J.: 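Have a look at this one before I ask anything.
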Amino acid sequence: MRTQIAIIGAGPSGLLLGQLLHQAGIDNVVVERQTGDYVLGRIRAGVLEQVTMDLLARAGVDARAKAEGLPHHGIELLFQGARHRIDLHGLSGGKQVTVYGQTEVTRDLMEARTAAGLTTVYGAANVSLHDFDGSAPRVRYEKDGATHEIECDFIAGCDGYHGVSRASVPAQAIHLHEKVYPFGWLGVLADVPPVSDELIYCNTQRGFALCSMRSHTRSRYYVQVPLEERVENWSDEAFWNELRARLDPEARERLVTGPSLEKSIAPLRSFVAEPMRFGRLFLAGDAAHIVPPTGAKGLNLAAGDVGYLSEAFIRHYAERSTAALDRYSELCLRRVWKAERFSWWFTSLMHRFPAEGEFGQKIQEAELDYLVHSKAASTSLAENYVGLPMESF
Ligand code: APR
Ligand code: PHB
């Protein structure tokens with residue numbers, strides 16, 4: 001098989017890239033290790049920046065996100081037992097975020113890909129990347145007992161943190177930066193109305209909690225737990241009790257509980273691989289960087305990468321120039337590191353760090369008090385939360 005761009009991974013990065021390239025008339029094939037149903041079974045964050053919504057529109061897959069997504073103009077910060085609203089819209093010059101689950105974004109992208117008749121190979125085993133340091137890269141995989149090969153112009157490594165793309169780069173050519181946090185998020189998805197119209201980020205003596213949602217009838221809640229905690233030890237009742245204990249009296253009163261549809265623990269990590277380009281291999285999304293979920297930047301960063309990468313490929317084929325491809329890594333990493341900084345800062349501000357003791361808690365409370373009363377500080381939070389702008393090549 002021959003294509004222009006071989007895309008490894010059918011998560012949101014790979015599928016969005018495929019759709020943006022298709023809209024520009026660039027042929028692509030997606031190779032995914034798992035089945036489609038497996039990919040759709042992953043529950044992840046659900047806050048889309050305007051930049052992400054604009055890219056979904058450019059890809060022709062924003063209809064349901066626009067119709068069913070919930071526009072949010074603010075978030076609430078809870079600390080010392082009281083809630084304070086951050087007016088994202090007012091402080092960012094009229095921007096907003098859209099609450100719409102990543103699972104739904106993936107479903108919309110999958111359906112669009114099927115409707116366009118584009119090739120996606122699901123269940124591809126032992127995917128391997130070859131000759132991306134030369135002029136004729138190839139991707140090999142096994143399926144149904146046979147070995148298959150794709151010849152292509154470029155490879156897009158959109159295969160997440162555990163993928164084969166980054167792992168195919170020689171160790172001396174790549175620099176990895178990593179920070180692991182000493183806690184995880186225990187998350188529950190339930191068909192109950194959200195406790196509030198806006199997301200509530202809670203800093204409490206018992207640890208962080210987050211009240212989020214997927215719709216007016218489906219809620220997503222998280223509580224900070226020690227890294228070694230096991231999900232089997234958490235009954236639904238124990239989860240709701242712990243969440244309730246971290247809320248303010250009014251929210252505690254309003255909280256509606258119900259059986260969990262999904263319950264899992266996710267570790268928190270900051271990670272960046274530099275550069276993001278190796279000859280004819282380009283990394284995008286979680287393959288190149290991970291952020292802790294505080295602030296919901298993961299999917300938005302992935303979308304930003306893919307926005308830059310699609311533009312660079314389009315210019316390459318239209319202008320026969322490598323100028324944009326040559327700037328891809330640098331442009332992405334500028335935006336990536338700013339989102340890494342924001343996610344690290346918001347994580348550090350909101351969580352209980354056992355090693356920091358009471359002093360650490362007091363400093364967090366002082367910063368939060370400053371944040372909600374200083375226009376300069378809350379403007380900075382709003383500007384980052386709604387998403388920093390993309391640059392042009
Ligand atoms: N071969 C083919 N596909 C692979 C391989 C491999 N060796 N390894 C992994 N994959 C697939 C995974 O099964 C997955 O479907 O690549 C896909 C990567 O998808 P994601 O992990 O969702 O990564 P990405 O598309 O970059 O999405 C970023 O996901 O984790 C969140 O916070 C993150 O929201 C952000 C988004
Ligand atoms: C979510 O809804 O899953 C979510 C929302 C906001 C975050 C993280 C996760 O910061």
Side-chain angles (χ1 to χ4, degrees), residues 6-18 29-49 52 70 72 75 97-106 109-110 120-129 139-143 155-168 185 187-189 194 198-202 208-215 218-222 262 264 266 268-269 271 283-306 309 339 342-343 346-347 350 385:
I7 300 173
I8 317 297
S13 302
L15 292 173
L16 179 58
L17 177 64
V29 170
V30 174
V31 181
E32 163 64 48
R33 179 166 60 177
Q34 305 287 356
T35 63
D37 282 346
Y38 181 95
V39 172
L40 280 181
R42 290 192 288 237
I43 310 285
R44 289 191 172 150
V47 178
L48 308 184
E49 296 173 0
T52 305
L70 307 174
H72 278 213
I75 55 169
V97 291
T98 303
V99 171
Y100 186 69
Q102 177 175 324
T103 312
E104 301 312 311
V105 174
T106 309
L109 285 163
M110 264 182 180
T120 314
V121 181
Y122 284 102
N126 295 323
V127 175
S128 56
L129 283 53
V139 173
R140 213 174 284 152
Y141 62 93
E142 290 162 23
K143 189 171 160 123
I155 302 173
C158 301
D159 48 352
Y161 181 68
H162 300 286
V164 65
S165 300
R166 193 184 66 247
S168 304
W185 280 17
V188 156
L189 186 71
E198 295 184 334
L199 272 60
I200 312 174
Y201 290 86
C202 316
F208 171 78
L210 170 61
C211 306
S212 182
M213 66 192 77
R214 292 291 174 272
S215 69
R218 182 169 284 189
S219 300
R220 180 70 165 158
Y221 293 108
Y222 300 94
E262 194 260 4
S264 55
L268 271 69
R269 181 192 304 275
F271 171 83
L283 301 181
D286 278 18
H289 42 73
I290 298 285
V291 286
T294 333
K297 289 291 164 225
L299 173 60
N300 294 297
L301 266 192
D305 291 352
V306 156
L309 189 54
F342 174 69
S343 307
F346 204 21
T347 300
M350 298 308 294
Y385 196 94

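Just so you know, ligand 1 is whichever comes first in the structure, and atom 1 is the first atom listed for that ligand. Quick caveat: nothing in here was measured; it's all calculated off a predicted structure.
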J.: Hey, could you give me the CD1/SG distance between I75 and C211, rounded to the nearest 0.5 Å?
T.: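 With rounding to 0.5 Å, CD1 (I75) is 12.5 Å from SG (C211).
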J.: Between Y161 and F271, how do the two ring planes meet: parallel, tilted or perpendicular, split at 30° and 60°?
T.: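 Y161 and F271: perpendicular rings.
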J.: May I ask which of A45, S212, G298 has a heavy atom nearer to atom 5 (C) of ligand 2 than the others do?
T.: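 It is S212 that holds the nearest heavy atom.
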J.: Quick check: L199 and ligand 2, any N/O pair under 3.5 Å apart?
T.: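 So ligand 2 has no N or O lying under 3.5 Å from an N or O of L199.
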J.: At less than 4.0 angstrom from any non-hydrogen atom of G160, what atoms of ligand 1 do you find?
T.: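 Those qualifying, in numeric order: 18 (C), 21 (O), 23 (O).
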J.: Return the residue, atom name and 0.1 Å-rounded distance of the protein heavy atom closest to atom 31 (C) of ligand 1.
T.: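 Result for atom 31 (C) of ligand 1: D286 OD2, 3.2 Å.
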J.: When you measure from the heavy atoms of R42 to every atom of ligand 1, does any distance fall below 4.0 Å?
T.: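 Yes, R42 has a heavy atom closer than 4.0 Å to ligand 1.
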J.: Can you report which non-hydrogen protein atom sits closest to atom 36 (C) of ligand 1, along with the distance?
T.: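 Atom 36 (C) of ligand 1 sits closest to the protein heavy atom Q102 NE2, 3.6 Å.
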J.: Which atoms of ligand 1 have any heavy atom of I8 under 4.0 Å away?
T.: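 Selected atoms, number and element: 1 (N), 2 (C).
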J.: Of all the heavy atoms in A124, does at least one lie under 4.0 Å from an atom in ligand 1?
T.: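 Under 4.0 Å: no for A124.
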J.: Using a plain distance cutoff, I'd like to know if A296 has any nitrogen or oxygen under 3.5 Å from a nitrogen or oxygen of ligand 2.
T.: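 Yes.
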J.: For R220, take its heavy atoms, then give the atoms of ligand 2 lying under 4.0 Å from any of them.
T.: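 Near R220, meaning under 4.0 Å from one of its heavy atoms, ligand 2 has 3 (O).
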J.: Which of the atoms of ligand 2 are close to G295, meaning less than 4.0 Å from one of its heavy atoms?
T.: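 Going through ligand 2 atom by atom, the ones under 4.0 Å from G295 are 10 (O).
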J.: Considering the heavy atoms of V47, write down every atom of ligand 2 situated less than 4.0 Å from one of them.
T.: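 Under 4.0 Å from V47, ligand 2 has these atoms: 5 (C), 6 (C).
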J.: Is any side-chain heavy atom of C158 closer than 4.5 Å to a side-chain heavy atom of L17?
T.: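 C158 vs L17: side chains touch.
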J.: So, is S13 polar-close to ligand 1, with some N/O to N/O distance under 3.5 Å?
T.: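 N/O-N/O distance below 3.5 Å exists for this pair.
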J.: If the plane angle is over 60° it's perpendicular, under 30° parallel, otherwise tilted; pick one for Y385 and F342.
T.: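 The rings of Y385 and F342 stand perpendicular, inter-plane angle above 60°.
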J.: Report the part of Y221 (side chain from C-beta onward, or backbone N, CA, C, O) that has a heavy atom under 4.0 Å from ligand 2; answer both or neither where that applies.
T.: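 Within the 4.0 Å criterion, Y221 makes no contact with ligand 2.
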J.: Are R42 and E262 within salt-bridge range, i.e. N to O under 4.0 Å?
T.: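 Between E262 and R42 there is no salt bridge, as every charged N stays at least 4.0 Å from the carboxylate O atoms.
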J.: Checking a contact table here: which protein heavy atom is nearest atom 19 (O) of ligand 1, and how many Å away?
T.: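 The answer is G11 CA, 3.5 Å.
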J.: Could you tell me, atom by atom, which parts of ligand 1 come under 4.0 Å of a heavy atom of G285?
T.: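 Reading through ligand 1 atom by atom, the close ones are 26 (O).
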J.: Around atom 21 (O) of ligand 1, find the nearest protein heavy atom and jot down its residue, atom name and distance.
T.: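 Nearest protein contact, heavy atoms only, for atom 21 (O) of ligand 1 is R44 NH1, 3.5 Å.
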J.: Ignoring angles and geometry beyond distance, decide whether R214 reaches within less than 3.5 Å of ligand 2 through its nitrogen or oxygen atoms.
T.: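 By distance alone, the answer is yes.
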J.: Please state whether P12 comes within less than 4.0 angstrom of ligand 1, counting heavy atoms only.
T.: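 A heavy atom of P12 does come that close to ligand 1.
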J.: So between F346, Y201, Y222, whose heavy atom ends up nearest atom 7 (C) of ligand 2?
T.: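 Of the listed residues, Y201 has the closest heavy atom.
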J.: Once you restrict to heavy atoms under 4.0 Å, what part of V99 touches ligand 2? Side chain, backbone, both or neither.
T.: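 Under 4.0 Å from ligand 2, V99 contributes no heavy atoms.
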J.: Any nitrogen or oxygen of E32 lying under 3.5 Å from a nitrogen or oxygen in ligand 1? Just yes or no.
T.: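 The answer is yes, given that E32 and ligand 1 share an N or O pair closer than 3.5 Å.
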J.: Tell me which protein heavy atom sits closest to atom 8 (C) of ligand 2, plus the residue, atom name and distance to 0.1 Å.
T.: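 Ranking protein heavy atoms by distance from atom 8 (C) of ligand 2, first comes P293 O, 3.3 Å.
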